[in-house]
S.K.: 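The structure follows.
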Protein chains: 2
Amino acid sequence: MPKVTIYDVAKRAGVSAATVSKVLNGTGRISPETSQRIRAAIEELQYRPSLIASALKKHQTFSVGLLVPDITNPFYAALARAVEDQALAHNYAVLICSTDNIAEREEKQLELFLRQRLDGLIVATSEAMGQEFFNTLHQSQVRVVFIDRVIPNVPYPVIATDHYLGSYLATEHLIELGHRDIAIFLEPLTLRSSLERLRGFAKALEAHQIKFDDHLVFSEGFGVEAGYELAQRMLTQKGPQELPTAIFAATDQLAIGALQYFHEKGISVPDQISLIGYDDIQMAKMVSPPLTTVAQPITELGHQAFEVLLGTQALSATTTLLPPRVVVRSSTAAPHLQS
Amino acid sequence: MPKVTIYDVAKRAGVSAATVSKVLNGTGRISPETSQRIRAAIEELQYRPSLIASALKKHQTFSVGLLVPDITNPFYAALARAVEDQALAHNYAVLICSTDNIAEREEKQLELFLRQRLDGLIVATSEAMGQEFFNTLHQSQVRVVFIDRVIPNVPYPVIATDHYLGSYLATEHLIELGHRDIAIFLEPLTLRSSLERLRGFAKALEAHQIKFDDHLVFSEGFGVEAGYELAQRMLTQKGPQELPTAIFAATDQLAIGALQYFHEKGISVPDQISLIGYDDIQMAKMVSPPLTTVAQPITELGHQAFEVLLGTQALSATTTLLPPRVVVRSSTAAPHLQS
DNA sequence: TTGAAAGCGGTACCAG
DNA sequence: CTGGTACCGCTTTCAA
């Protein structure tokens, strides 16, 4: 049997397609009896209205696109999930694409998305995005919201995490535990995100009258390996006496790398040194000891992006910063007094 | 400016819409000059053909849907990525939905997908799927491929990993290293996947004339915690003399839990006991020692699903089993001879 | 309260 | 080689 259309339903119910359309959309006034007959016909025929046809007429596809660097990255997976959930609740579909931050892929996918006539686009790709991309976006009239991507000159709403605040809170957590010699591990300082975190760190120290010490800033590389090396470097450079009592690792991966090194060296966390991470990746709770860390409000990020995207407001260059929160687990504790 | 349509292009190029359509689709024969003029017009107008309109006419949306339990699960994220990549290469879009294996969500999303008139559906959700879902699928004419979900009575192609083979290979790796006392850690034996893995394990032992010992089968619970407990239970039940020299953990999470326990007890892996996992989750390479494990051919799974889905073949109940492979890292080694 | 008809933006058949 | 035209399936006036 071929696809059943609105006409089949109409015929079956003994009315016109226009009337069926009205009960489908709840527009116009239809008598209860007619409405009932139509519903029955829809049910019997297992009629499923074509969003394609309706989109063509209504200029609304009930679909949004999500552009991320890599869905395989847990952060973006969580983000996608948040968007999905919100979308499903509104009967929207989500088209997802991983771009690997490759300009070519981004542009190709954007092109596809635009042809699909999506109702909106959530962009969470890297900051190093091509100008071409922006031009296309701009001239194309789509609604766009950027996530996790604080760039001054984006003429669209940006929803992001307040990493400055996150670092501040992480550092304060350590300070409140009683730490005063605190090191910070960072990804390369060429990244805005690293800079932000360093700033929050410094500010928290300042707020508590703790002197900021250049020699306690360690930065280089990415991932677990970098954390391992940074820890190694710290231990090598400092004598046991001058070791900090706590480390703020600006990334969970860095923290986990450091943790591995400490394990190997028989340095106990948090007894000898406290360690707080940042991101709350899944692994954070699986390592031993479970890592105290800063969780980004990923779900809120996704939800809010979706809501703003489909809101009725005109989309302008506004930045919304959402607060992260400290998740206390077992890798931080009060320092042992070495009198 | 309003959306530019094929008519705008036609007017600009001084031809009819029909002709523009032809150069767009490469159908019919168009003189080089006309074709050139049309291309120029398209370029100047920044024309982007509406897939909506074309889909309505051609009954082809260039979109496929992907149903997974949770995109946040690294396995499904990787799968999604594989599907995405393949899709992008074919100029297809991918709609993704996490269902949490909740029948209600599955059905709701399926309904949405069907309305979207997708060209195909890749289903990778749990085995505990509602009958309702199947009925809807069946009567709806969509092309469907199942992934990672070996069920006898699915009237669609199934692409899955050969877990029997995977377990066989894992066990054989241990045997070839010289182990003969090998324990196996499993998730509950009520799961088909556990049974499959146990079967492969037993078969490998048999193939190498090693006696299968019931007391070396440990099964209960899920995740890292279960691994920890199983390791604990094993150590408690067995005296140090009768400890196996190797463990095959049917899940990386189980392996990692066991690893943590051994760490705490000062038992060295792989010096005192070898450990092989299964799944090759991201964490596997981050723990110390990096975990030898069995990697599922996720990328192939996704690619093949996409290709089958969009192939020209009629979709029938065929099962394709793809071989996993052993990834040797540092948690396995030859046993120390205890003479 | 209901329906006829025009049209959304393409495609494809068929005539010229 | 090119264009007129009907139509894909639904929505939306507008008149009845």
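Proteins get letters first, then strands, A, B, ... in listed order; numbering begins at 1 in each.
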S.K.: Could you state the atom-to-atom distance from CD of A:Q60 to C1' of D:dC10 in whole Å?
M.R.: 14 Å
S.K.: Nearest whole angstrom, please: distance from the C1' of C:dG3 to the CZ of A:R37.
M.R.: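 It is 14 Å, rounded to the nearest whole Å.
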S.K.: Should B:T5 be listed as having a side-chain N or O under 4.0 Å from OP1 or OP2 of C:dG9?
M.R.: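 Negative; the distance criterion is not met.
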S.K.: If you pin B:G28 and B:H59 to their nearest nucleotides in DNA chain D, which one's is more 5'?
M.R.: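 It is B:G28 whose nearest nucleotide is closer to the 5' end.
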S.K.: Side-chain N or O of B:S21 less than 4.0 angstrom from OP1 or OP2 on C:dG10?
M.R.: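 Answer is no, no contact under 4.0 Å.
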S.K.: Would you indicate whether B:E307, at its atom CD, is surrounded by more than 12 heavy atoms from other residues, nucleotides or ligands within a distance under 6.0 Å?
M.R.: yes
S.K.: Taking the side chain of A:S31 as its heavy atoms from C-beta onward, which of C:dT2, D:dC10, D:dG3 lies nearest to it?
M.R.: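 Closest nucleotide to the A:S31 side chain: C:dT2.
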S.K.: Using a distance-only test with no angle check, is there a side-chain donor-acceptor pair under 3.5 angstrom linking B:S63 and A:Q116?
M.R.: yes
S.K.: Look at the aromatic rings of B:F306 and B:Y92 and report parallel, tilted or perpendicular, splitting at 30° and 60°.
M.R.: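 Plane angle over 60°, so perpendicular.
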S.K.: Of the options D:dG3, C:dT11, D:dT2, whose atoms approach the side-chain atoms of B:N25 most closely?
M.R.: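 It is C:dT11.
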S.K.: Of the candidate nucleotides D:dC1, C:dG10, C:dC8, which contains the atom at the shortest distance from the side chain of A:L56?
M.R.: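 My answer, after comparing the listed nucleotides, is C:dC8.
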S.K.: What is the nucleic acid contact for B:V15, judged by heavy atoms within less than 4.0 Å: base, sugar-phosphate only, or nothing?
M.R.: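 B:V15: backbone/sugar contact only, no base atoms under 4.0 Å.
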S.K.: Looking only at side-chain N and O atoms, does A:T19 come under 4.0 Å of OP1 or OP2 in C:dG3?
M.R.: yes
S.K.: Just say parallel, tilted or perpendicular for the rings of A:Y156 and A:F146, cut-offs at 30° and 60°.
M.R.: tilted
S.K.: Please state how far atom CD1 in B:I42 lies from atom C1' in C:dG9, giving the value in whole angstrom units.
M.R.: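 Nearest whole value for this atom pair: 14 Å.
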S.K.: Indicate whether OP1 or OP2 belonging to D:dC10 is found under 4.0 Å from a side-chain N or O atom of A:Y47.
M.R.: yes
S.K.: For D:dT2, does either OP1 or OP2 sit under 4.0 Å from a side-chain N or O belonging to B:T34?
M.R.: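 For B:T34, the contact criterion (side-chain N or O under 4.0 Å from OP1 or OP2 of D:dT2) is met.
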S.K.: Write down the distance between NZ (B:K57) and C1' (D:dG9), rounded to a whole number of angstrom.
M.R.: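 Those two atoms, NZ and C1', are 11 Å apart.
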S.K.: Answer yes or no: does atom NZ of A:K108 have more than 12 heavy-atom neighbours from other residues, nucleotides or ligands under 6.0 Å?
M.R.: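 It does: A:K108 NZ has more than 12 such atoms within range.
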S.K.: Can you tell me how far P of C:dG7 sits from CD1 of A:I52, to the nearest Å?
M.R.: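 Atom-to-atom, A:I52 to C:dG7, this comes out as 23 Å.
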S.K.: Roughly how many Å is it from OH in A:Y7 to P in D:dC8, rounded to a whole number?
M.R.: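 From A:Y7 OH to D:dC8 P: 9 Å.
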S.K.: Taking only N and O in the side chain of A:S16, is any of them less than 4.0 Å away from OP1 or OP2 of C:dG3?
M.R.: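 Checking A:S16 against C:dG3: at least one side-chain N or O falls below 4.0 Å of OP1 or OP2.
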S.K.: Which nucleotide, D:dT12, C:dG9, D:dC10, lies nearest any side-chain atom of A:A18?
M.R.: D:dT12
S.K.: Looking only at side-chain N and O atoms, does A:N101 offer a donor or acceptor that is under 3.5 Å from a partner on A:T125?
M.R.: no
S.K.: May I have the distance from A:D8 (atom CG) to D:dC10 (atom P), rounded to whole angstrom?
M.R.: 9 Å
S.K.: Check the distance between D:dC10's P and B:R115's CZ and give it to me in whole angstrom.
M.R.: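 Those two atoms, CZ and P, are 11 Å apart.
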S.K.: Assign each of B:A53 and B:A17 to its nearest nucleotide of DNA chain D by heavy atoms, then name whichever residue's nucleotide is nearer the 5' end.
M.R.: B:A17
S.K.: Using only heavy-atom distances, decide whether a donor-acceptor pair under 3.5 angstrom links the side-chain of A:K22 to the base of C:dG3.
M.R.: yes
